[in-house]
**Student:** 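Quick one: the structure is below, questions incoming.
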Amino acid sequence: MSTMQKSRKYRYITAFIFLGIGVVIFLALNICIGSVSITLLDILGTMAKQENNETLSRILWDIRLPRTLAVIILGGALSLAGYLLQTFFHNPIAGPFVLGISSGAKMVVALVMVFFMGRAIRITSADMIVAAFVGAMLSMAFVLLLSRRVKGMSMLVVSGVMIGYICSAITELVVAFADDADIVNLHNWSQGSFSGMTWEHVKVMTIVVTVTFIAVFLLSKPLSAYQLGEVYAQNMGVNIRYLRICLVILSSILSACIVAFAGPISFVGIATPHLVKKIIGTTKPLLMIPACFLGGSVFCLLCDLLARTILAPTELNISTVTAIFGAPVVLWVMATHRKERTV
Amino acid sequence: MEYYFKTQQMSVGYQGETLIHDIEIGLYKGEILTLIGPNGAGKSTILKSIAKQLKLISGLVYLDKKELHHMSGMELSQKMAVVFTEKIKTELMTCEDVVATGRYPYTGHFGILSKKDHAIIDEAMELVHVSEIRNQDFIKISDGQRQRVMLARAICQEPEIIILDEPTSFLDVKYKLEFLSVLQELRIRKGLTVIMSIHELELAEKVSDKILCINGAYVDRFGNPEEIFQAGYIKSLFGIETGNFDEENGSMELEPAKGKADIFVIAGGGSGRSIYRKLQRERKTFITGIIYENDLDFPVARALAAELIAVKAFEPVNKVILEQAQKAIDSCSKVICCRKEFGSLETANKKLLEYARQNGKEVEITERLGSYGKSHYDSGNDVRCRKEFSCGRTLQNNEAGWVQGSSV
């Protein structure tokens, strides 16, 4: 093994350790920091059931822990969805939010919610995911149709943003016609937020995201060929059609899962894959897929922590925070991309 | 012997529309086929169809007696490699990473490279001389380097047949020659069959076992280079209207100047070519003679001179021709003589020079030594450069150079 290969290996290992530590540290911070401070000792205490501090235990087990776990899972899923879409469209500024996929999912979920709530039927999280998936696929279909006609990465993104606007407008309209009581609920959710996660939610999302993650990971070899462009991928024996269908479905499931539980969250999907790429120094899907997931988790943990604490006790909208960190990354990507092309 | 690669009434095109009908190709294992034809004639379309990137409109393609259509992607990927003109955009990939992608058909489910894979990658990079840039970012290297990296990638795939679309276009002379030598070497060492499109006709003639000429609607000719490169054919295939292509030497000449000729050039033994071209650049018309038909100067003179006074090879110059040349000198005001000394068998040209002097023409004698070296740069025909140069040297040592002229 050459020295270059060795030094690269060290870099990969370091990057994963770095991301892993990031997840652990932010996990701890997210659990500990809040309107009620919880120390690590308290956590150990409640785990050992020695102290019977009912409030503390409730906050920890019913609010902080499920929320933090949801952030880890959904953040990772969001980042992975962005990575898949970027690979699929060979477009560095693709993501579920900019392409209007999140908004499509949001629209269908809102329609379903209003419809069911009006009839006083309880909606399960599985229903929500299915509704979101339908919406995501709908938007995806539009984007795919448009991508055949429009060439160039900026045009595709503009088309996606337009689709997003249309879907948002319909959602707003639906919300306007909904009962007063539901509006608050709907409104909060449609802005994107990690609040109100239950263990039931965490369970469902863990199953969905884990299965999807494994499926994506198994595709890492054909994805690596696909990165060279379709001509070479096909020559290497990759079934392009099959791969493309898989990518569309998997990225839609991931996007749908996020929207169903946390609403549309902007910029995580676009920005984190680029940040992770810089950290790990490669685009090999075999490494990028898990690294992206961890990166998305860290990014969202940080953003959720800030959303909860900056203006406590008021909670900031999560997209506000993700935009502050994510948008500059997108601008940086666009600026540097141009440069490399002219070289 | 049976054909290794064969097409049967293959028709190709885009979206159901046929571009080229009934293509019949037959290649033995280890043969090199080049596709030539004007821009937009459909060379890439044929290559893409053969590589299964485009659906055939009709017809069949056989690879090693098996129909291409019935081969799985995986099976084909271990037999056929491609290098196309599409630029690939990579991110954070070194040249070695790109070359390594060629191992795809042989790696396991997660594409992890074994020791053997690494050895093959190293060997492929060594073969096309890209080992020095192995750690450089693929998007930051030059077009020529990129082309070689892509060839290394294809070699890594250990194909039996390789499809290349204009592989030499971005390469400089050195690498053009090297690239084609590598293909020849692979064909000898591994029995590699090659199908490629190429724009450099003079190279196509030299490297190909077979040539397919496409003119935009059908295959005009398919055969070995001797059959294809017949006088005047290239001009008609490409519809050349200005300038000339010489099939025998594979050299091109620009369109000659028009108008009445006022200069007579005495040349022979390859001494006149650079002067002809110089005059063409200066947009001056000229008459030249007396040239043997097997002389190095002959094809260039034929393409550029307003009038050419020539003699059949190995025949003495008769009186009629000499008088014809003298008459031509009469009509000109200036005579350029490219010959400083005349050999014992080129007395006719010596007589012409004397005639010009006697008749008070402005006579300019050019330096032969310098003009040789110069002509190589001027020719724009880099590949032949070295060969011609060595020939030039022999000519200097042997004043009866024209006799050897035809041997080139």
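Below, chain A is the first sequence line, B the second, and so on; all start at residue 1.
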**Student:** Tell me if the aromatic rings of A:Phe217 and B:Phe110 count as close, with their centers under 6.0 Å from one another.
**Tutor:**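 Yes, close enough.
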
**Student:** Cation over ring, A:Arg244 on A:Phe88, under 6.0 Å and within 45°?
**Tutor:**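 A:Arg244 over A:Phe88 ring: yes.
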
**Student:** Ring centroids only, cut at 6.0 angstrom: are B:Tyr62 and B:Phe5 within range, meaning strictly under it?
**Tutor:**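 For B:Tyr62 and B:Phe5, the ring centres are not under 6.0 Å apart.
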
**Student:** State, without any angle test, whether A:Thr283 and B:Glu91 hold a side-chain donor-acceptor pair at a distance under 3.5 Å.
**Tutor:**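 B:Glu91 and A:Thr283 do not have a side-chain donor-acceptor pair below 3.5 Å.
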
**Student:** So what's closer than 4.5 Å to chain B heavy atoms on A:Asn235: side chain, backbone, both or neither?
**Tutor:**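 Looking at A:Asn235, backbone and side chain both touch chain B.
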
**Student:** Would you check if B:Glu160 and B:Thr193 make a side-chain contact, meaning some heavy-atom pair closer than 4.5 Å?
**Tutor:**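 A side-chain contact is absent here, since even the closest heavy-atom pair is not under 4.5 Å.
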
**Student:** Return the option, out of B:Thr101, B:Val83, B:Leu76, with the maximum number of heavy-atom pairs under 4.5 Å with chain A.
**Tutor:**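 Heavy-atom pairs under 4.5 Å are most numerous for B:Thr101.
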
**Student:** For A:Lys284, is it the side chain, the backbone, both or neither that has a heavy atom under 4.5 Å from a heavy atom of chain B?
**Tutor:**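 A:Lys284 touches chain B through side-chain heavy atoms alone.
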
**Student:** Which atoms of B:Ser72 are under 4.5 Å from chain A, going by heavy atoms: the side chain, the backbone, both sets, or neither?
**Tutor:**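 Interface part for B:Ser72: neither.
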
**Student:** Just by distance, with hydrogens left out, do B:Asp165 and B:Ser44 show a side-chain donor and acceptor under 3.5 Å apart?
**Tutor:**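 There is such a pair between these side chains.
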
**Student:** Which of the residues B:Glu75, B:Arg153, B:Gln78, B:Glu86 is involved in the greatest number of heavy-atom pairs with chain A at under 4.5 angstrom?
**Tutor:**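 When all of B:Glu75, B:Arg153, B:Gln78, B:Glu86 are compared, B:Arg153 has the most.
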
**Student:** Can you tell me which portion of B:Ile112 sits under 4.5 Å from chain A's heavy atoms? Options are side chain, backbone, both or neither.
**Tutor:**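 For B:Ile112, the side chain is the part near chain A, not the backbone.
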
**Student:** Flag the one option from B:Gln53, B:Met80, B:Lys48 with the top tally of heavy-atom pairs under 4.5 Å to chain A.
**Tutor:**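 Among B:Gln53, B:Met80, B:Lys48, the one with the most close pairs to chain A is B:Gln53.
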
**Student:** Which one of B:Gln147, B:His199, B:Glu200, B:Lys176 satisfies the side-chain hydrogen bond (donor to acceptor under 3.5 Å, both in side chains) criterion with B:Thr168?
**Tutor:**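 Between B:Thr168 and the candidates, side-chain hydrogen bond (donor to acceptor under 3.5 Å, both in side chains) is satisfied uniquely by B:Glu200.
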
**Student:** Select one option (side chain, backbone, both, neither) describing which atoms of A:Pro285 are under 4.5 Å from chain B's heavy atoms.
**Tutor:**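 Neither the backbone nor the side chain of A:Pro285 comes within 4.5 Å of chain B.
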
**Student:** May I ask you to check whether A:Phe293 and A:Phe213 place their ring centers less than 6.0 Å from one another?
**Tutor:**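 A:Phe293 vs A:Phe213: aromatic centres under 6.0 Å.
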
**Student:** Relative to chain B, which of A:Gln234, A:Glu230, A:Gln227 shows the most heavy atom pairs under 4.5 Å?
**Tutor:**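 Greatest number of close heavy-atom pairs with chain B: A:Gln234.
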
**Student:** Quick one: what part of B:Met71 sits under 4.5 Å from any heavy atom of chain A, side chain, backbone, both or neither?
**Tutor:**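 Nothing of B:Met71, per the 4.5 Å heavy-atom cut-off to chain A.
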
**Student:** Is the distance between the ring centroids of B:His129 and B:Tyr175 under 6.0 Å?
**Tutor:**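 They do not qualify: ring centres at least 6.0 Å apart.
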
**Student:** By a 4.5 Å heavy-atom criterion (distance strictly below it), what part of A:Leu286 contacts chain B: side chain, backbone, both, or neither?
**Tutor:**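 The side chain, not the backbone.
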
**Student:** Is it the side chain or the backbone of B:His109 that comes within 4.5 Å of chain A heavy atoms, both, or neither?
**Tutor:**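 Both parts, backbone and side chain.
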
**Student:** Go through the atoms of A:Leu218 and report whether side chain, backbone, both or neither lie under 4.5 Å from a heavy atom of chain B.
**Tutor:**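 Both parts, backbone and side chain.
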
